[in-house]
Amino acid sequence: MKVVAIVGSLREGSLNMKLAKFVQQRYEEKFELEILRLNEIPMYNQDDENNPPHSVQDFKAKVKAADAVLWVTPEYNASIPGVLGNAIDWLSRVDKVMIGKPSFIMGASMGNLGTVKAQMHLRDILFAAGLGSPVLQGNEVYVGAAHTKFDEAGNLTDESTVKFLDTVIDNFINWMQK
Ligand code: FNR
């Protein structure tokens with residue numbers, strides 16, 4: 001099973017990137033996870049959507065080839081970051097590579113609410129006509145106070161979060177296999 005992770009933060013020390021990498025390593029026996037960075041994705045322009053830049057072509061091809069998408073995103077101003085919305089706009093057009101593709105959402109923030117609003121919005125967006133992605137319900141991963149939960153090597157050190165991830169990842173796999 002091949003999954004791609006789309007991380008909604010560009011910054012070097014991103015907590016969401018740490019979370020994606022942790023998932024990649026901890027569950028490598030269960031599924032292959034390729035992490036896609038959005039750093040090279042230019043601003044969506046409808047004039048270019050039929051012949052997008054190479055970085056966008058590559059990004060869309062990887063999403064298309066994957067069995068599922070894991071979204072790992074911060075919350076910016078009570079919603080999803082602009083870079084993530086921009087990437088989603090590319091995915092939603094022309095060949096509409098997200099249609100029918102299962103999605104699973106998680107997010108990390110420094111605050112206690114751990115991306116609740118961003119995830120609510122992302123869930124709604126994924127139901128839009130150009131996306132049509134079924135989202136795993138009832139397994140919502142909000143990693144609050146995330147800056148206190150990783151060690152220097154990027155390991156998630158908070159035991160209850162790791163235990164919870166073990167459960168929801170199994171649920172995700174069972175759901176995808178159906
Ligand atoms: C934030 N942050 C934030 N946090 C939150 O819980 N709710 C919010 O609405 C916002 N808004 C917001 C806007 C902008 C422009 C920035 C830069 C930050 C804080 C955010 O959760 C924190 O910076 C995370 O660490 C960002 O994720 P990465 O980059 O560490 O993955």
Side-chain angles (χ1 to χ4, degrees), residues 3-28 31-45 55-56 58-60 62-63 66 68-92 98 102-128 131 133 135-169 172:
V3 180
V4 291
I6 298 178
V7 176
S9 171
L10 307 185
R11 79 183 180 96
E12 212 42 55
S14 165
L15 295 164
N16 285 278
M17 179 57 82
K18 285 182 184 165
L19 180 57
K21 285 185 174 161
F22 180 80
V23 169
Q24 183 184 46
Q25 280 162 20
R26 184 165 176 91
Y27 307 109
E28 64 186 351
F31 59 91
E32 185 188 343
L33 183 66
E34 182 179 5
I35 299 174
L36 306 182
R37 302 199 74 158
L38 301 180
N39 299 56
E40 306 302 325
I41 304 295
M43 292 301 285
Y44 169 80
N45 181 336
S55 59
V56 173
D58 187 49
F59 174 62
K60 289 183 83 172
K62 284 180 171 166
V63 172
V69 175
L70 171 65
W71 305 84
V72 190
T73 186
E75 179 171 296
Y76 277 6
N77 299 310
S79 189
I80 61 168
V83 289
L84 186 60
N86 180 59
I88 289 172
D89 290 343
W90 285 113
L91 294 176
S92 70
M98 283 304 298
S103 281
F104 185 36
I105 304 174
M106 39 180 86
S109 72
M110 294 192 197
N112 285 329
L113 292 180
T115 72
V116 172
K117 286 182 181 171
Q119 292 197 32
M120 270 169 47
H121 290 180
L122 180 55
R123 233 169 267 126
D124 266 358
I125 291 165
L126 290 170
F127 294 144
L131 292 150
S133 170
V135 180
L136 177 60
Q137 304 287 316
N139 288 265
E140 295 166 11
V141 182
Y142 308 115
V143 182
H147 55 299
T148 66
K149 295 182 178 165
F150 291 92
D151 67 16
E152 289 290 308
N155 297 306
L156 188 53
T157 52
D158 186 66
E159 260 178 51
S160 64
T161 306
V162 175
K163 247 185 175 175
F164 181 63
L165 278 179
D166 288 348
T167 302
V168 295
I169 289 292
F172 177 47

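These numbers were taken from a predicted model, which means no experiment stands behind them. Counting convention: from 1, in listed order, for ligands and their atoms alike.
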With Glu34 via salt bridge (charged side-chain N to carboxylate O under 4.0 Å, His left out) - residues at least two apart
Lys2, Lys62
Nearest protein heavy atom with distance in Å, relative to atom 9 (O) of ligand 1:
Ala78 N, 2.8 Å
Quick check on contacts: which atoms of ligand 1 are under 4.0 angstrom from a heavy atom of Asn16?
27 (O), 28 (P), 31 (O)
For atom 23 (O) of ligand 1, which candidate among Met17, His147, Met110 provides the closest heavy atom?
Met110
So for atom CG, which belongs to Asp151, do other residues, nucleotides or ligands contribute more than 12 heavy atoms lying within a distance under 6.0 Å?
yes
Sub-3.5 Å N/O-N/O distance, Thr115 and ligand 1:
no
Between Tyr76 and ligand 1, does any nitrogen or oxygen pair lie at a separation below 3.5 Å?
no
Can you tell me if CD on Gln137 sees more than 12 non-hydrogen neighbours from other groups inside 6.0 Å?
yes
Which protein non-hydrogen atom lies closest to atom 31 (O) of ligand 1, naming both residue and atom, and how far is it?
Ser14 OG, 2.6 Å
With distance as the sole test, does Asn16 use its side chain to make a donor-acceptor pair with the main-chain N or O of Gly107 at under 3.5 Å?
no
How many angstroms lie between atom CD1 of Ile6 and atom CD1 of Ile105, to the nearest 0.5 angstrom?
11.0 Å
Give me the nearest non-hydrogen protein atom to atom 7 (N) of ligand 1 as residue plus atom name, then the distance to 0.1 Å.
Glu75 OE2, 2.9 Å
Give a yes or no answer on whether the side chain of Ser55 reaches the backbone of Glu40 with a donor-acceptor pair at less than 3.5 Å.
yes
Is the backbone N or O of Lys149 less than 3.5 Å from a side-chain atom of Thr157, with the two atoms forming a donor-acceptor pair by type?
yes
Give me the residue, atom name and distance of the protein heavy atom closest to atom 26 (C) of ligand 1.
Pro74 CB, 3.6 Å
When you measure from atom 21 (O) of ligand 1 to every protein heavy atom, which one gives the shortest distance, and what is it?
Ser109 CB, 3.5 Å
What's the separation between atom CG in Asp89 and atom CD1 in Ile125, rounded to the nearest 0.5 Å?
8.5 Å
Starting from atom 11 (N) of ligand 1, locate the nearest protein heavy atom and write down its residue, its atom name and how far away it is, to 0.1 Å.
Asn77 N, 2.9 Å
With respect to Ala108, determine whether any N or O atom, backbone or side chain, lies less than 3.5 Å from an N or O atom of ligand 1.
no
